[in-house]
Structures are given as C-alpha cells and as structure tokens.
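First the structure, in the form of structure tokens, and then the observations on it.
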Amino acid sequence: MGLEDAAKQLQQIQAELSSNVYEQHKKSGETQEAYRKWATFSIADELYAIDVMQVKEVLRFTDITPVPGAPDGILGIINLRGSVVTVVSSRTLFKLEDTEIDHNTRIVVVEFDGQEVLGILVDGVDEVLNLPESDTERAPGVMREDSQRQFVQGVCYREEQLIILLDLDRMLAGFKNSLVETQQ
C-alpha cells in the first residue's frame, strides 16, 4: 500500500468513526472481540502506531516557519487552512538524530489532550490497522530510557513486525505548555 493510499484509507476510516460507528468483530461463535484502529508511521526504520481517532489528517511535508526561541523539538508552525499548527520533531521526542527530509516525510496532524492540535514530523506513514485488543502486549520493562517507557502503552506483532503502540497524550504532555507560548 502506497503512502497516498494509506492517507486516503485513514481519511475514510476517520469519516466512518466520526459518524459514531464502533466496531466489534466476531472471533468465534458467541464470543466477540474488541478491535482498535491504529494509524502507523515509521521513525528510524521502526514502526509506531497511535489511536486513529486522534489523527486529524496526514500532510505531505510543507515548509515550516521557525519560531525564534522555541524549545527543542518544536520545528515551527504551519498554516493549515487558516489555523496555526505547531509542528514537532518525532526524532527529537525519541532522542534520535535528525535525518534529511525526503518524498516519504509526512506531517501527521493529531488532536491530543482533548483539544490541542499538533503536527508531528515523521519519516513516513504506513497504514491503518484494525488490531484485536487481545494481540496487544504490555509495554516491555526494558526501554532505552524511562522517558520513552512512560508513553509506550504496548506492543503488537503483525506479520512478524513489531509495532510500538504509543499513548499520544502522555507523549506530548511535555509540549503542552510550550505550545501555548509558541502559538501566541
């Protein structure tokens, strides 16, 4: 699935979910298993996922206007149909080296903490997955740093590939105060 197809699929799923459609799939017989939709993206050749309900849209990379004096990790702001959106670097969040922007680079516009809108610069987007909650394992106890473990809510394997499931609200909690200052 190409990146553009993934973005279109994400928009279609968001439209379905916003019309209050909540899915449960029958696993076998009378038993129903809950599924959860995840939007996946890559950072440094690792696959991460966030709850699709928090994704507003996926944008091709566009010029980001730097904000003088902005804290580390805040790349600047973009104009999204008349609204100012702060863009943060996922690589800075994960304490990784910056990389060159290429044709796969995307800005994932998300809503977190119930009201804040933010763009996250990622290396690429993948697809929207519908994963059974029973396939989700707790976050492993061994992570690179405690600061990362606090926003990893679990992991899942799909086709032998590890997907790290992120808690977006926790991940971006440190940016909330910085966002208010940047957008003023």
Side-chain angles (χ1 to χ4, degrees), residues 1-18 37-113 115-129 144 147-148 151-152 158 161-184:
M1 173 180 289
L3 295 174
E4 298 307 313
D5 293 335
K8 287 178 185 174
Q9 182 183 13
L10 174 62
Q11 290 173 343
Q12 179 183 9
I13 289 171
Q14 285 177 316
E16 291 173 13
L17 291 174
S18 66
K37 292 187 185 298
W38 297 91
T40 60
F41 54 90
S42 60
I43 304 167
D45 298 322
E46 295 291 336
L47 195 59
Y48 295 90
I50 56 175
D51 186 331
V52 75
M53 293 298 293
Q54 292 181 288
V55 177
K56 304 294 274 174
E57 63 185 288
V58 177
L59 307 171
R60 289 185 177 277
F61 179 79
T62 186
D63 289 332
I64 299 170
T65 304
V67 176
D72 277 348
I74 295 183
L75 300 173
I77 56 175
I78 59 172
N79 181 343
L80 182 61
R81 293 183 295 283
S83 296
V84 175
V85 176
T86 301
V87 179
V88 300
S89 168
S90 60
R91 287 180 163 268
T92 301
L93 281 171
F94 296 159
K95 297 180 178 26
L96 300 170
E97 286 184 30
D98 286 336
T99 188
E100 293 291 318
I101 303 298
D102 63 21
H103 67 280
N104 291 323
T105 304
R106 296 291 186 264
I107 298 172
V108 180
V109 179
V110 298
E111 182 177 302
F112 74 101
D113 200 23
Q115 61 198 12
E116 301 292 333
V117 176
L118 181 76
I120 303 172
L121 188 69
V122 298
D123 295 350
V125 294
D126 197 47
E127 63 183 321
V128 174
L129 299 176
R144 287 184 285 208
S147 63
Q148 287 179 317
F151 53 77
V152 174
R158 182 160 192 249
Q161 183 174 20
L162 176 69
I163 303 170
I164 301 168
L165 308 173
L166 302 173
D167 182 328
L168 190 64
D169 289 334
R170 283 187 188 166
M171 185 172 95
L172 299 175
F175 280 102
K176 187 168 182 178
N177 294 334
S178 301
L179 291 175
V180 173
E181 294 168 8
T182 303
Q183 293 178 343
Q184 290 180 348

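- Using a 4.5 Å heavy-atom threshold, the side chains of Leu165 and Trp38 count as touching.
- Taking Asp167 as the reference, nothing meets the side chain to side chain donor-acceptor pair (under 3.5 Å) condition, with sequence neighbours excluded.
- Put simply, the side chain of Phe61 does not reach to within 4.5 Å of the side chain of Val87, judged on heavy atoms.
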Go through the steps for Leu80 and Glu57 under the test side chain to side chain contact (heavy atoms under 4.5 Å, CB included), then give the verdict.
CA-CA 11 Å; Leu80 182 61; Glu57 63 185 288; 3.8 Å; yes

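- Atoms CZ and OG, from Phe41 and Ser90 in turn, are 7.0 Å apart once rounded to the nearest 0.5 Å.
- Considering only heavy atoms from C-beta on, Leu168 stays 4.5 Å or farther from Asp51 through its side chain.
- Note that the CG atom of Leu166 and the CZ atom of Phe151 stand 7.0 Å from one another [nearest 0.5 Å].
- With rounding to the nearest 0.5 Å, the separation of CD in Glu46 from CD1 in Ile163 is 11.5 Å.
- Rounded to the nearest 0.5 Å, atoms CD1 (Ile101) and CG (Leu121) are 4.5 Å apart.
- Contact annotation: the side chain of Asp45 never approaches that of Asp123 to less than 4.5 Å [non-hydrogen atoms, C-beta and beyond].
- With hydrogens and angles ignored, the 3.5 Å screen pairs no side-chain donor or acceptor of Thr40 with any backbone N or O of Ala49.
- Not a single donor-acceptor pair under 3.5 Å links the side chain of Thr86 to the backbone N or O of Leu118.
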Intermediate values then yes/no, side chain to side chain contact (heavy atoms under 4.5 Å, CB included), Leu172 and Val110:
CA-CA 10 Å; Leu172 299 175; Val110 298; 4.1 Å; yes

Between Leu96 and Ile43, is the side chain to side chain contact (heavy atoms under 4.5 Å, CB included) condition met? List the steps.
CA-CA 9 Å; Leu96 300 170; Ile43 304 167; 3.8 Å; yes

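- The environment of CG in Asp102 is crowded: more than 12 heavy-atom neighbours from other residues, nucleotides or ligands sit within 6.0 Å.
- The closest donor-acceptor contact from the side chain of Arg106 to the backbone of Gly124 lies at 3.5 Å or more, if one exists at all.
- By the 4.5 Å heavy-atom criterion applied to side chains, Leu59 and Ile78 are counted as neighbours.
- Among residues two or more places apart in sequence or in another chain, the salt bridge (Lys or Arg N to Asp or Glu O under 4.0 Å) test is passed with Glu111 by Lys56.
- Side-chain contact between Ile120 and Met171: present, with at least one pair of heavy atoms (C-beta onward) separated by less than 4.5 Å.
- For Asp98, there are no side chain to side chain donor-acceptor pair (under 3.5 Å) partners, not counting sequence neighbours.
- Closest non-hydrogen pair, Arg81 versus Asn79, comes out as N-OD1, 3.6 Å.
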